[in-house]
Amino acid sequence: MTRVVVTDSADEVQLKKAADAQKERDLGLSDLMQSQRGRAWMHDFLFTRCHVHSGSHVPGCSDSTAFNEGARSIGASLLQEIADDHTAHYLKMLQENL
């Protein structure tokens, strides 16, 4: 799914396309978070691959630190969206991965 960019906020067709695309994205995330497998995948992605609750710093290597911080930033953004919009599934994901 591609993100729809609105270039004219007065254009109702663009606004509808963007709203429809966002709704599809939200439904996809909801589908993922409703299954145990989806929550397990998301937990691994956020906490292992994106290092959401870990430090990004790699002593002596600013490139690796920047790379880690980019991954952490993406994960933090997704984590916040899940916590805000799918709170019950977010809490269940955390409980399942204690």
Side-chain angles (χ1 to χ4, degrees):
M1 171 182 5
T2 60
R3 259 204 212 264
V4 176
V5 177
V6 175
T7 58
D8 180 1
S9 61
D11 184 345
E12 291 186 28
V13 172
Q14 285 186 41
L15 294 174
K16 172 126 175 57
K17 280 184 181 180
D20 290 347
Q22 182 62 43
K23 184 177 179 180
E24 283 298 311
R25 183 176 179 280
D26 292 343
L27 288 171
L29 184 55
S30 180
D31 287 349
L32 183 69
M33 293 302 293
Q34 286 182 32
S35 74
Q36 191 278 328
R37 279 189 180 140
R39 290 187 301 275
W41 182 91
M42 184 61 72
H43 187 273
D44 176 66
F45 181 78
L46 293 172
F47 294 95
T48 303
R49 298 170 191 251
C50 292
H51 320 285
V52 172
H53 288 159
S54 302
S56 300
H57 182 64
V58 177
C61 189
S62 60
D63 290 342
S64 292
T65 297
F67 179 84
N68 289 345
E69 185 56 21
R72 195 195 66 74
S73 178
I74 290 168
S77 175
L78 182 55
L79 180 66
Q80 189 63 56
E81 183 176 347
I82 292 168
D84 289 347
D85 298 340
H86 306 279
T87 307
H89 291 117
Y90 166 70
L91 294 173
K92 191 169 187 175
M93 175 185 74
L94 295 178
Q95 288 173 341
E96 291 169 344
N97 291 281
L98 287 177

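Annotation: side chain of His43 is not in contact with side chain of Glu96 (no heavy-atom distance under 4.5 Å).
Ring to ring, Tyr90 and His86 are not that close: their centroids are 6.0 angstrom or more apart.
A distance of 9.5 Å separates CE of Met42 from CG of Leu79, quoted to the nearest 0.5 Å. Note that NZ of Lys92 and CG of Asn97 are 12.0 Å apart. Values are rounded to the nearest 0.5 Å. From Asp85, atom CG reaches atom CG of Leu29 across 8.0 Å, with rounding to the nearest 0.5 Å. Atom NZ in Lys23 sits 15.5 Å away from atom CZ in Arg25 (nearest 0.5 Å). We find the CZ-SG distance between Arg72 and Cys50 to be 10.0 Å, quoted to the nearest 0.5 Å.
When atom types are taken as modelled, the side chain of Ser30 and the backbone of Asp26 share no donor-acceptor pair closer than 3.5 angstrom. For Ser64 (side chain) and Val58 (main-chain N/O), no donor-acceptor pair under 3.5 Å exists by modelled atom type.
The minimum heavy-atom distance linking His89 with Arg39 is given by the pair O-CD, 3.5 Å. Closest heavy-atom contact between Ala18 and Val6: CB-CG2, 3.5 Å.
Under the 4.5 Å side-chain contact rule for hydrophobic residues, Ile74 and Leu32 do not share a cluster. Both Leu91 and Val52 are assigned to one and the same hydrophobic cluster, defined by single-linkage of ILVMFWY side chains at heavy-atom distances under 4.5 Å.
Residues forming a side-chain hydrogen bond (donor to acceptor under 3.5 Å, both in side chains) with Asp84 (at least two apart in sequence, or on another chain): Gln80.
Ser73 and Glu69 are not linked by any side-chain donor-acceptor pair at a separation below 3.5 angstrom, with hydrogens and angles left out of the test.
Taking the six-membered ring where tryptophan is involved, the planes of Trp41 and Phe45 are essentially parallel, since the angle between them stays under 30° and well short of 60°.
By the 4.0 Å N-to-carboxylate-O rule, Glu12 lies too far from Lys17 to be salt-bridged with it.
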How far apart are the C-alpha atoms of Leu46 and Met93, what are their side-chain angles, what is the distance that settles it, and do they pass the side-chain contact (heavy atoms from CB on, under 4.5 Å) test?
-> CA-CA 11 Å; Leu46 293 172; Met93 175 185 74; 4.2 Å; yes
